[in-house]
Amino acid sequence: MSKFQRFLLKRLAISVLLTVVAVSVIFVVLRLLPGSPFEALVTSGNLNQEQIDEIRAMYGLDQSIWKQYVNYLGSLLTFQFGYSILRSQPVWDVLEPRLINSLILLVPALVTTAVLSSVLGMYAGWNRGSRLEKASIVSTTLLRSTPVFITAIFFIIVFAYNLEIVPALGMRSIRATPDGYLETFVSLDFLHHYLLPFTVAVLYYSGDFLLLARNGVVEKRGSEFLKLHRAKGLSEMEQLARAGRNSMLPILTYFTLRLGMIFQGLILLEVVFSWPGIGRELVLAIQQQDYPLVQAAVFIMALAVIIANLAADVLYAYFDPTVSTSGGGSA
Amino acid sequence: MTLLNVENLKVTYATDDEPVHAVNDVSFSIDEGVNYGLAGESGSGKSTVAEALLGLLPGNGTVESGTIEFNGTDLTSLSAAERRDILWEDIAYIPQSAMDSLDPVMSTGDQISQAIHTHRNVSDTKARDRVRELFEIVGLDPDRIDDYPHEFSGGMRQRVTIAMALALEPDLIIADEPTTGLDVIVQDKIIDKILEIQERMDSSLLLITHEIGVIAETCDDLSILYGGKVMEQGSVDNVLVNPTNPYTMGLKNSFPEIEENEDPVTIPGSPPNLNGEPTACVFEDRCPFATEECGESHPDLVDLPNRNHRSACHRVKEAAQLRRDADDPATWNIPDDVDEGSDRGEVILETDGLEKHYEQSQPLLDKVRGEDPDYVKAVDGVSLSVRRSEVLGVAGESGCGKSTLGETMALLEDPTGGEFTFDGEPYEYYQDGNLQEFRRKVQIIFQDPFDSLNPRQTVRKLVGEPLTIHDYRTDEKEQAIVETLEKVGLTPAEKFLDSYPHELSGGQRQRVAVAKALVLDPDFLICDEPASMLDVSLKVNLLNLLRGLADAEDIGIVYISHDLASLTQVSDRLAIMYLGRIIEEGEVDRIAARPEHPYTSSLLSAAPEKDPTADRTRVLLEGEPPDPVDLPSGCAFAPRCPKAEESCWEAEPAIDETGDEDHRAACYFPESEDGPEPSGASAVDEPEFSGSANTDSVGD
């Protein structure tokens with residue numbers, strides 16, 4: 001077994017362990033919440049005790065907590081997320097479109113901003129003290145410190161209500177009745193709705209990447225190896241590329257971690273734009289104590305973060321030759 | 001023919017206050033195929049000259065005036081793009097710190113072929129072939145061209161940068177302190193390599209260094225810089241043998257050498273403030289021979305009749321007289337009261353078979369199986385004793401475990417075996433709740449005076465802090481601080497109390513670090529390369545200070561360094577360390593004059609000499625120290641030893657294999673039982689470098 005394989009195996013094992021811990025925590029926390037999913041039905045007085053017991057038995061909630069836990073783990077392993085209590089629909093049928101909606105908004109936004117702001121940040125760091133650097137820092141700090149829903153509302157006011165360029169809410173116009181993802185996403189109407197939330201998401205993520213890239217390059221700028229590169233006769237831009245390559249690792253880590261967190265959606269953004277994403281769905285499900293839905297959603301989110309972490313480790317080992325893949329060696 | 005001609009070069013750095021005049025009217029010229037040396041202390045502007053030549057000045061640096069003519073074209077008049085074309089194609093550069101001058105995320109081979117691709121339109125395979133060829137030339141394994149910088153040791157990385165400099169066979173190679181930070185043996189090898197290659201390629205070399213010895217051995221001509229001015233220039237033989245400038249005399253006298261009996265003489269004071277253009281002679285305030293005239297103008301360079309030698313001194317006509325005076329420490333206002341340190345007190349610290357083994361991490365599976373982990377034997381059975389008023393020097397290459405030995409002696413690392421006695425009490429006594437007492441009595445001074453002082457504390461706080469920690473002399477704190485500062489030569493102490501570290505010069509900072517250690521009146525001092533970052537004159541200052549402390553304060557000192565020359569100056573006894581073991585130990589004079597162990601003699605022979613007429617036999621040790629985890633059986637030095645025989649591989653020689661009480665060595669075949677010229681013979685045996693011009697020795 002090569003060193004790298006062993007490293008990968010170790011990481012995988014850790015990831016599996018983390019996943020088990022995460023799903024167990026979800027399970028316990030949900031049961032600790034006061035009340036139950038049927039509280040609302042009971043208080044409305046429409047159901048008698050017998051009917052409630054029947055429903056509870058149907059969902060397996062009358063069994064001992066241990067049995068519930070074992071069933072839960074078993075179902076997760078086979079990716080059976082069960083039946084949503086409130087929506088009376090299989091959980092996956094509820095989650096899947098919401099997840100896709102979130103991803104289609106946030107993944108392109110994240111990739112765009114990671115590339116653009118990193119390049120801009122590197123350029124700004126290289127030209128330290130320039131007007132571009134100062135302006136970029138001020139504007140991204142402003143964007144970072146303003147809550148995303150404020151920015152979003154501001155954009156809605158300007159572009160949707162005042163200029164009336166784009167619609168303010170939703171993913172498709174109310175009259176549209178698309179069938180399937182292809183029809184939903186490949187249309188001018190969708191693009192029209194997409195522009196505003198996409199722009200806000202890009203701006204929201206931009207600050208971190210820009211500052212990371214800028215700081216990395218500023219730190220590397222005076223280093224000896226760049227001096228040697230310069231002495232070799234490399235042009236400004238070639239030197240900047242080397243400085244950028246050397247400061248890429250923190251950006252890479254941050255990108256993969258952010259990518260994992262995208263599966264949680266951007267709750268505030270989704271709420272403001274009425275974007276039918278997974279974040280909004282989760283908030284609703286928690287409010288209504290829809291156990292199966294919350295469990296499944298949180299499981300997917302945790303899994304995404306853990307997988308992203310794993311990816312970050314592997315990419316790190318690939319991009320940084322000085323990272324020892326033997327894991328904790330003393331060399 | 002003249003290759004490079006620098007005429008009245010003036011460089012300034014813009015700062016928030018006044019501009020710094022780093023280089024003032026420097027002129028020199030380098031002929032084709034000549035080795036040229038630029039020498040001077042830090043702050044003399046020598047690196048700035050190199051950066052100006054290469055066009056690598058940092059953003060705030062500008063060439064104010066002057067011309068840099070290279071092959072007939074004035075470099076200063078070229079556009080940025082035209083300049084880039086000349087870089088590397090015609091002028092290559094060997095940078096200062098090999099450790100961090102290679103791009104860490106690019107394989108070494110790629111970095112070299114990048115230089116080739118930038119200037120030549122060649123195919124990838126051709127470039128790679130060239131890289132393999134270059135690796136071979138500089139003595140690296142051509143199969144390692146895809147390895148990354150961190151997989152090479154410091155000396156090997158410097159070889160990579162040399163290979164890079166050779167890639168396009170430039171006319172001029174500028175080497176900026178190419179060996180600083182490397183230990184003597186590696187330094188010697190690198191210098192040897194540069195010379196050998198440069199001879200083959202017939203290019204010129206501009207060598208910038210503060211080590212006069214290195215220039216004396218390698219260069220034909222040199223300029224001595226001080227305060228951005230050329231103080232003296234000419235052929236190495238003339239300038240270094242018969243210096244006519246007081247600064248050159250001082251610099252030469254402060255360069256420590258092994259076979260010198262007198263203490264080196266330092267230049268007191270610190271480099272000049274360059275905030276304005278110099279009006280007086282830049283060396284005036286440190287020069288013992290300064291007259292009124294010196295305060296009025298900086299002298300011009302004057303040609304000395306009938307030889308290649310120029311000097312900038314108003315009193316150049318009296319040079320012979322000045323030379324005689326300069327050898328006397330009293331001239332430089334240095335009290336010459338160092339007694340011979342013969343009255344050593346009782347033994348204060350003693351170790352017997354001291355061990356520090358580090359366990360290597362092992363895979364979980366092996367741990368479960370109960371397999372024994374591998375150990376790195378950093379310190380492996382060291383027996384030493386240090387008396388009061390005695391300075392024990394510990395010498396060895398980097399990686400030999402000397403720093404770990406220091407830390408273990410200071411109990412910063414727990415010993416894993418062996419006996420340790422301090423002040424009559426064993427290790428267990430101190431471990432058993434008396435560590436605080438030990439920490440007060442034993443102080444350690446670390447390598448770097450720039451990092452070891454908290455930049456946000458004043459000198460008063462820095463020096464007073466140990467007092468508070470140990471609740472020692474707290475009622476007379478101020479007095480204790482002042483006394484200690486004066487003891488280390490920071491007088492008047494009141495002037496320094498409220499300064500912050502950044503307001504002090506390097507030498508003053510190191511003195512504050514020493515004061516911090518001394519304020520608790522320790523009985524024992526461990527110094528781990530305290531002078532390795534300092535200029536020669538500051539280094540000598542510190543050595544004299546420590547020597548004086550040992551004599552006057554009755555404390556025992558362990559001085560750890562790879563620099564044998566300064567060790568022989570400061571120590572009473574010397575211990576040579578190799579791979580965690582002491583392989584030779586004894587009185588300094590005996591070891592310096594007649595080393596027994598072949599490793600010691602190669603260490604001694606690796607130190608450069610400042611006299612260009614002296615011919616030195618190079619003993620170039622083959623390879624690098626073996627992996628400390630997987631040591632060969634028998635003598636650890638056997639794989640690199642030119643004299644190793646069967647028996648060396650079979651059993652390890654004990655420290656008292658050879659010699660007597662005052663001088664013992666762990667060797668079966670000590671040098672003293674050999675023919676009259678052991679080192680010369682071993683140099684010829686050396687396979688890697690045999691046949692090169694440097695191994696033919698002129699016997700003494």
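Throughout, protein chains are lettered first and strands after them, A, B, ... in sequence-line order, and every chain is numbered starting at 1.
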Suppose we screen for salt bridge (charged side-chain N to carboxylate O under 4.0 Å, His left out). Which residues come up paired with B:D146, at least two apart in sequence or across chains?
B:R128
Crowded around A:F299 CZ? As in, over 12 foreign heavy atoms under 6.0 Å?
yes
Please look at B:E89 and chain A and tell me whether the side chain, the backbone, both or neither of the residue comes under 4.5 angstrom of a heavy atom of that chain.
neither
So, the part of B:Y93 with a heavy atom under 4.5 Å from chain A: the answer is both
Verify the distance criterion only: is there a donor paired with an acceptor across the side chains of B:Q114 and A:H229 at less than 3.5 Å?
yes
Output the residues of residues 230-238 of chain A for which the shortest heavy-atom distance to chain B is under 4.5 Å, in residue-number order; output 'none' if no such residue exists.
A:R230, A:A231, A:K232, A:G233, A:L234, A:S235, A:E236
Which pairs with one or both residues in residues 239-253 of chain A pass side-chain hydrogen bond (donor to acceptor under 3.5 Å, both in side chains), sequence neighbours excluded?
A:R242-B:D103, A:N246-B:D103
Could you pull out all residues at least two apart from B:D147 that satisfy salt bridge (charged side-chain N to carboxylate O under 4.0 Å, His left out)?
B:R144
Which bit of B:M164 is near chain A, if near means a heavy-atom gap under 4.5 Å: side chain, backbone, both or neither?
side chain
Kindly give the heavy-atom pair with the smallest separation between B:W88 and A:L228, and that separation in Å.
CH2-CD1, 3.8 Å
Looking only at heavy atoms and a cut-off of under 4.5 Å, which of B:L87, B:D85, B:L54, B:V105 has the most pairs with chain A?
B:V105
